[in-house]
**Student:** 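Structure provided below as structure tokens; questions to follow.
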Amino acid sequence: MQRESAHFLVADTLPALAEKMNALTCSHDIDPAVLQTSVDAFDAHFAPGRDPAADLQVQRILHARQWGPDRLRTCVPAPLQQRGAGPFIAIHTQLITRKSLGGLRTDLHSRVLDATDAPIPGLYCVGEAAGFGGGGACGKRSLEGTFLPGCILTARAAARAIASGY
Ligand SMILES: Cc1cc2nc3c(=O)[nH]c(=O)nc-3n(C[C@H](O)[C@H](O)[C@H](O)COP(=O)(O)OP(=O)(O)OC[C@H]3O[C@@H](n4cnc5c(N)ncnc54)[C@H](O)[C@@H]3O)c2cc1C
């Protein structure tokens with residue numbers, strides 16, 4: 001990602017990182033002094049005599065690391081400015097809508113229903129547009145990682161209904 005993504009910014013110093021972040025967004029949003037203060041504040045948790053776990057973020061990372069898969073993908077918390085820890089990396093993120101918690105009401109043939117629960121002729125709806133990754137296939141208690149099957153299920157139901165002239 002560091003090599004190939006324009007959204008991964010890498011620098012050896014915090015001022016250089018701030019400069020790259022501002023250049024990417026054509027702004028002055030990142031004040032290098034504030035960035036330095038924030039990083040110093042984080043690193044201060046690791047000063048002799050301090051308990052790093054007193055910091056909520058560190059505490060949560062340590063908690064996550066008690067579970068095998070999270071242990072693999074999280075680093076042991078350490079000072080960001082520790083010798084040899086560099087370079088600094090900033091990742092440009094954007095807000096997205098991850099899940100639609102509602103959608104058009106459908107029946108088991110993926111036909112869209114009107115206010116009286118009657119199918120609207122010729123109108124089908126599948127996947128996230130039908131809500132909860134497919135017409136509420138998982139109900140209110142849908143779990144992370146279970147949305148794509150609902151999308152496929154409702155798409156197949158719609159295709160079958162269309163093919164058989166529903
Ligand atoms: C970060 C993230 C992680 C996820 N992880 C998982 C996971 O691990 N397991 C899992 O099961 N589910 C996961 N999901 C949910 C799953 O990805 C979605 O439920 C699924 O992709 C929805 O598929 P869809 O075809 O209904 O909608 P989308 O994939 O949103 O497709 C809709 C398409 O319509 C296009 N479109 C929109 N408007 C128009 C228009 N006016 N004209 C033409 N095209 C248009 C869009 O560009 C898009 O390509 C995740 C979702 C996100 C965002």
Side-chain angles (χ1 to χ4, degrees), residues 1-11 14 17-30 34-35 38-39 42 52-53 55-78 80 85-166:
M1 297 303 280
Q2 287 179 47
R3 275 197 311 275
E4 296 185 13
S5 170
H7 299 274
F8 275 62
L9 306 176
V10 185
L14 290 173
L17 190 70
E19 197 178 319
K20 286 189 176 184
M21 291 163 88
N22 287 329
L24 182 68
T25 53
C26 297
S27 72
H28 298 287
D29 289 346
I30 305 299
V34 174
L35 181 61
S38 308
V39 172
F42 180 80
D55 175 66
L56 203 57
Q57 189 180 13
V58 173
Q59 195 183 101
R60 291 195 170 171
I61 294 171
L62 292 173
H63 184 255
R65 286 178 53 81
Q66 288 176 20
W67 187 55
D70 275 348
R71 191 178 183 83
L72 281 176
R73 61 187 182 189
T74 50
C75 300
V76 180
L80 298 171
F88 295 107
I89 303 171
I91 305 172
H92 187 215
T93 58
Q94 297 189 27
L95 291 179
I96 58 164
T97 302
R98 179 145 193 228
K99 306 239 156 61
S100 142
L101 299 182
L104 300 176
R105 266 174 14 98
T106 51
D107 65 9
L108 290 176
H109 304 293
S110 297
R111 295 178 300 185
V112 177
L113 303 177
D114 68 15
T116 67
D117 277 354
I120 300 173
L123 187 58
Y124 300 82
C125 182
V126 305
E128 208 57 76
F132 283 112
C138 298
K140 284 183 186 166
R141 294 186 177 77
S142 46
L143 295 170
E144 288 294 317
T146 63
F147 285 63
L148 287 173
C151 295
I152 295 165
L153 185 87
T154 49
R156 287 171 62 101
R160 269 198 301 269
I162 293 166
S164 54
Y166 260 112

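Values in this document were obtained by computation on a predicted structure and should not be read as measured data. Excluded from the calculations below are hydrogen atoms, water molecules and symmetry mates; all remaining heavy atoms, backbone and side chain alike, are included. Each ligand, and each atom within it, is numbered from 1 in the order the structure gives.
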**Student:** For residues Ala53 and Leu62, report the shortest heavy-atom separation together with the two atoms involved.
**Tutor:**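 In this case the closest contact between Ala53 and Leu62 is CB-CD1, 4.0 Å.
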**Student:** Between Val126 and ligand 1, does any nitrogen or oxygen pair lie at a separation below 3.5 Å?
**Tutor:**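 In fact, backbone or side chain, Val126 has no N or O that close.
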**Student:** What residues form a side-chain hydrogen bond (donor to acceptor under 3.5 Å, both in side chains) with His92, not counting sequence neighbours?
**Tutor:** His7
**Student:** Between Leu148 and ligand 1, does any nitrogen or oxygen pair lie at a separation below 3.5 Å?
**Tutor:**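 Right, the criterion is met.
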**Student:** Please could you name the atoms of ligand 1 that Gly127 approaches to less than 4.0 Å, counting only its heavy atoms?
**Tutor:**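 What qualifies from ligand 1 is 26 (O).
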**Student:** I need the full list of salt bridge (Lys or Arg N to Asp or Glu O under 4.0 Å) pairs touching residues 59-74, with sequence neighbours left out, sorted by first then second residue.
**Tutor:**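 Output for this query lists Asp70-Arg73.
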**Student:** What is the minimum heavy-atom distance between Glu128 and Phe147, and which atoms define it?
**Tutor:**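 In this case the closest contact between Glu128 and Phe147 is OE1-CD2, 3.8 Å.
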**Student:** Using a 4.0 Å cutoff against the non-hydrogen atoms of Cys151, which atoms of ligand 1 qualify?
**Tutor:**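 Answer for ligand 1: 19 (O), 20 (C), 22 (C), 23 (O), 26 (O).
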